[in-house]
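One structure is given here, and the rest of the page talks about it.
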Amino acid sequence: MASGQNIIADKGAPHVVFMPGLFNETMQLLHDSYEYFSMFGDDDRSRIEANLKTLYSCEMSRITLRLSAIMAWLMVQRAVFAGKINAEEAARSYGLDFNDICMVDNRVLHGVLPSYVCFLLDRSLELYERVYRLDMQFKNVH
């Protein structure tokens with residue numbers, strides 16, 4: 001585990017953890033993505049070839065979907081930690097969504113799309129994969 005990442009565990013249910021480091025990392029990536037797309041996205045999109053504009057938009061949406069799914073999963077984990085949802089219900093009904101869309105490896109787009117989009121794709125995929133592993137562990141416990 002990275003230094004500086006805190007784990008808060010409920011003494012009554014030690015398998016339930018809420019990781020503020022993961023939350024902060026997700027929020028930072030959301031912020032970075034928002035800044036890029038609001039400040040530079042239109043300029044970058046205007047410079048790419050016409051046949052790649054749809055691909056650019058789709059990958060921008062994939063970044064957003066990954067981060068939204070991660071944030072939703074984290075909020076469910078926080079609800080479990082707070083006792084608002086029981087762990088079994090959370091594992092059964094509120095797992096990490098959109099695996100078929102979010103687990104796509106986008107390395108083939110390096111050199112095709114703007115470099116910062118590829119950077120955001122890589123970071124969001126790596127984060128999604130880590131949360132996916134946590135989700136699988138959570139489901140296996142419950």
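Just so you know, these numbers come straight off a predicted model, no measurement behind them.
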Val117 and Met60: side chain to side chain contact (heavy atoms under 4.5 Å, CB included), yes or no, with the steps? CA-CA 8 Å; Val117 172; Met60 184 174 83; over 6 Å; no
Give the C-alpha distance, both sets of side-chain angles, the deciding distance and a yes or no for side chain to side chain contact (heavy atoms under 4.5 Å, CB included) between Val112 and Ile48. CA-CA 9 Å; Val112 175; Ile48 61 176; over 6 Å; no
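Inter-residue side-chain proximity for Leu29 and Ile63 is flagged as unmet; no heavy-atom pair is nearer than 4.5 Å. In this structure, Leu109 and Glu59 have side chains that are in contact, with non-hydrogen atoms separated by less than 4.5 Å. Counting heavy atoms from C-beta on, the side chains of Met75 and Phe23 come closer than 4.5 Å. Contact of the Thr64 side chain with the Leu67 side chain is not registered, since no non-hydrogen atoms from C-beta on lie closer than 4.5 Å. Between Phe138 and Gln77, the closest side-chain pair of non-hydrogen atoms falls below 4.5 Å.
Test Ser61, Ser33, Ser124 against Arg66 for side-chain hydrogen bond (donor to acceptor under 3.5 Å, both in side chains) and you get one pass: Ser124.
Under the ring-ring contact (aromatic ring centres under 6.0 Å, His included) criterion, the residue pairs touching residues 104-133 are Tyr36-Tyr116, Tyr116-Phe119, with sequence neighbours excluded. Sorted by first and then second residue, the salt bridge (charged side-chain N to carboxylate O under 4.0 Å, His left out) pairs with a member in residues 89-101 form an empty list; sequence neighbours excluded.
For Gly95 against Trp73, the heavy-atom pair with the smallest separation is C-CD1, 3.9 Å.
Leu120 and Leu125 are not part of a single hydrophobic cluster, where members link through side-chain heavy atoms under 4.5 Å apart. Under the 4.5 Å side-chain heavy-atom criterion for ILVMFWY residues, no single connected hydrophobic cluster contains both Leu113 and Leu65. Linking Ile, Leu, Val, Met, Phe, Trp and Tyr residues whenever their side-chain heavy atoms come within less than 4.5 Å places Phe37 and Phe40 in a single cluster. Tyr34 is not connected to Leu74 by any chain of hydrophobic side-chain contacts under 4.5 Å among Ile, Leu, Val, Met, Phe, Trp and Tyr, and they are in different clusters. No chain of hydrophobic side-chain contacts below 4.5 Å, direct or via other Ile, Leu, Val, Met, Phe, Trp or Tyr residues, connects Ile101 to Ile70.
Under a cut-off of 6.0 angstrom, the local environment of CG in Asn51 is crowded, with over 12 non-hydrogen atoms contributed by other residues, nucleotides or ligands.
Of the possible polar contacts, one joining the Ser57 side chain to the Lys53 backbone as a donor-acceptor pair under 3.5 Å is found.
Gln28 pairs by the side chain to side chain donor-acceptor pair (under 3.5 Å) definition with Asp32, not counting sequence neighbours. Lys139 meets the salt bridge (charged side-chain N to carboxylate O under 4.0 Å, His left out) test with Asp135; sequence neighbours excluded. Residues satisfying the salt bridge (charged side-chain N to carboxylate O under 4.0 Å, His left out) criterion with Asp44, sequence neighbours excluded, are Arg47. Annotation: salt bridge (charged side-chain N to carboxylate O under 4.0 Å, His left out) contacts of Asp43 (sequence neighbours excluded): none.
In this structure, CG on Leu52 lies 10.5 Å from CZ on Arg45, to the nearest 0.5 angstrom. From Arg133, atom CZ reaches atom CG of Leu96 across 11.5 Å, with rounding to the nearest 0.5 Å.
A salt bridge does not link Glu126 with Arg123: none of the charged nitrogens is closer than 4.0 Å to a carboxylate oxygen.
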